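Have a look at the structure below before the remarks.
To find a chain, count down the sequence lines: A is the first, B the second, and so on, and within it residues start at 1. Side chains are part of it too, since the values below use all heavy atoms of this structure and drop only hydrogens, waters and symmetry mates. The structure displayed is predicted, hence computed values, not measured ones.
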Amino acid sequence: MRVARRALAGLFAAPALAQAAPVVVVVGGGFGGASCARALRRNGLAVTLVEPHATYTACPFSNTVIAGLRPMERQRFGYGALRDQGIGVAHQAATGVDATARRVTLADGSVLPYDRLVLSPGIALRFDALAGYDEAAAEVMPHAWHAGAQTELLRARLEAMEDGGTVVLTVPANPYRCPPGPYERASLVAHYLRTRKPRSKLLVLDAKDAFSKQRLFEAAWAALYPGLLEYVPLSGGGRVTGVNLAAREVVTEFGNHAGDVVNVIPPQRAGDIARIAGTADRSGWCPVDPASFESRLVPNVHVIGDACIAGAMPKSAFAANAQARVCADAITRLLRGAPVPEPRLLNTCYSLVGPGYGISVAGVYRAVEGVLADSPGAGGISPLDAPPAFREAEALYAEDWFATITADAFG
Amino acid sequence: MAPRLALSLLLQAMPAFAGEAPPGASSCLGCHSPARADGAIPSLRGRDPAEVAALLRAYRDGTAPATVMDRLARGFSEAESRAIAAWVVR
């Protein structure tokens with residue numbers, strides 16, 4: 001078997017084999033993986049990041065791209081700063097994990113040995129969940145839930161729609177990436193329609209009855225987009241079971257809804273390598289120890305970010321970055337034979353309901369019986385009665401958070 | 001058994017490497033960048049740890065105006081807040 005020495009950046013020539021400094025391999029170069037690789041390297045460990053794409057396209061703020069409020073270029077990030085930091089970066093897909101031999105196999109057949117492995121593969125969209133909604137259908141009815149070409153496709157569809165058209169947006173049941181994201185998208189699409197195509201309608205079909213920051217979103221919709229945005233919850237027949245591509249319809253148990261633009265956000269699971277590595281359970285997501293983020297199913301393999309089951313912590317970029325830091329410190333301790341302390345993590349998620357109108361949800365998490373739970377008395381959503389200056393400040397902080405989190409992950 | 005327990009508690013409290021964050025502290029850097037000084041959200045690098053701890057106390061008590069810091073500060077005790085403040089200003 002060929003060992004990919006080049007990917008180990010020369011500095012750390014196959015140390016796992018040579019009994020030298022321990023090696024950590026990180027699979028996935030998003031907010032979780034890139035942040036974790038950098039934190040591990042800062043702790044003095046030899047790190048290789050495995051990520052097939054040379055450019056990362058960020059999901060947070062991609063809804064503003066869809067609404068025409070932000071250029072796509074501001075969503076794109078590279079890995080140069082990671083290389084400069086001494087992290088080996090292999091632009092390959094990870095195709096296999098041998099947890100007994102502690103080796104990762106890459107698409108080109110090369111093999112990376114590890115002492116500890118971090119999987120941060122994000123989500124995979126379940127193209128088997130909604131009848132008729134497969135990868136080909138996503139070219140007609142974009143999901144735009146992986147940022148990139150799909151984001152631009154949905155943007156183009158909205159731009160091409162005539163005034164007076166109907167946009168249909170479908171939302172899955174929990175859990176999925178970015179719990180408030182579909183409602184931010186609904187808000188910003190409504191903003192685009194109100195300002196550019198005011199005779200149009202937006203129909204939001206939801207597979208659940210309650211959602212993140214619900215009262216804040218609903219108050220904003222009533223104030224900003226009355227008569228334009230119609231929200232249909234599960235109890236109103238909002239659960240979509242399939243699509244009819246030819247008729248541009250989505251299918252529910254109570255009838256079909258046609259749209260000139262149809263945005264289907266399908267159910268999701270952990271990214272493929274999580275399942276290949278044996279870290280995903282029957283839910284499709286990965287149970288982990290809340291202090292170290294080590295897999296409950298596969299030793300020496302850690303899972304962070306959207307792919308892991310983090311209890312009360314949402315699947316957000318902020319959470320992935322926070323988990324990355326805690327996981328990196330835990331791995332550093334484990335490799336030194338030190339105990340891992342009780343975890344405490346934060347999350348803050350901002351959503352824009354319109355330009356200059358931001359809302360947030362925050363949480364503080366601790367381990368309770370092996371699961372991350374909300375700290376009593378902490379966290380919660382922005383006040384319902386906040387003045388406009390408060391909403392403006394939160395919109396500004398959202399932008400600032402994005403600048404900080406992307407600088408931390410990608411330099 | 002008592003000495004062994006004491007030793008294990010000591011090990012628990014001891015950082016395994018330089019600069020290790022106390023519980024909860026590393027998450028702060030998700031918004032408070034130590035590298036960016038021009039942000040709307042202030043960097044905490046170089047601030048007086050006693051001042052940061054006092055702010056956390058005021059957010060926790062609801063006596064300082066806040067958007068999100070009141071919701072976060074309520075998740076930590078005075079001792080935890082002081083440990084976070086001492087680390088986050090590095």
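- The choice from A:Ala407, A:Ala403, A:Ala393, A:Pro343 that makes the most heavy-atom pairs within less than 4.5 Å of chain B is A:Ala403.
- Residue contact with chain B, scored on non-hydrogen atoms closer than 4.5 Å, involves the side chain of A:Arg366 exclusively.
- Residues A:Arg70 and A:Gln75 have side chains that bring a donor and an acceptor to within less than 3.5 angstrom of each other.
- The existence of a salt bridge linking A:Lys213 and A:Glu184 is excluded, since no basic side-chain nitrogen approaches an acidic carboxylate oxygen closer than 4.0 Å.
- The structure places CG of A:Leu346 at 10.5 Å from CZ of A:Arg325, a figure rounded to the nearest 0.5 Å.
- Expressed to the nearest 0.5 Å, how far CG of A:Leu372 lies from CD1 of A:Ile309 amounts to 11.5 Å.
- Judged as a side chain to side chain donor-acceptor pair (under 3.5 Å), and not counting sequence neighbours, the contacts of A:Thr404 are B:Arg36.
- For the residue pair A:Asn300 and A:Asp115, no side-chain donor N or O sits within less than 3.5 Å of a side-chain acceptor on the partner.
- Residue contact with chain B, scored on non-hydrogen atoms closer than 4.5 Å, involves the side chain of A:Asn321 exclusively.
- Between the side chains of B:Ser26 and A:Asp329, no donor-acceptor pair of N or O atoms lies under 3.5 Å.
- A:Tyr397 touches chain B through backbone and side chain together, each having a heavy atom under 4.5 Å away.
- Most heavy-atom pairs under 4.5 Å with chain B: of the set A:Gly379, A:Ala39, A:Ala322, this distinction falls to A:Gly379.
- Neither the backbone nor the side chain of A:Asp374 comes within contact range of chain B; no heavy atoms are under 4.5 Å apart.
- Contact of A:Tyr350 with chain B is made through the side chain alone, with heavy-atom distances under 4.5 Å.
- Listed by chain and residue number, nothing satisfies the side chain to side chain donor-acceptor pair (under 3.5 Å) test with A:Ser62 (two or more places apart in sequence, or in another chain).
- Contact of the A:Leu334 side chain with the A:His302 side chain is registered, since non-hydrogen atoms from C-beta on lie closer than 4.5 Å.
- Taking A:Trp401, A:Phe390, A:Phe318 one by one and counting their heavy-atom pairs under 4.5 Å with chain B, the maximum is reached by A:Phe390.
- Residues passing the side-chain contact (heavy atoms from CB on, under 4.5 Å) test with A:Ala324, sequence neighbours excluded: A:Ser35, A:Cys36, A:Ile304.
- Near-neighbour residues of residues 70-87 of chain B relative to chain A, defined by a heavy atom under 4.5 Å from a heavy atom of that chain, comprise B:Arg71, B:Leu72, B:Arg74, B:Gly75, B:Phe76, B:Glu80.
- Here A:Phe402 and A:Phe61 bring their ring centres to under 6.0 angstrom of each other.
- For A:Ser360, the parts lying near chain B are the backbone and the side chain together; criterion is any non-hydrogen pair under 4.5 Å.
- There is no contact between B:Ala35 and chain A, counting heavy-atom distances below 4.5 Å.
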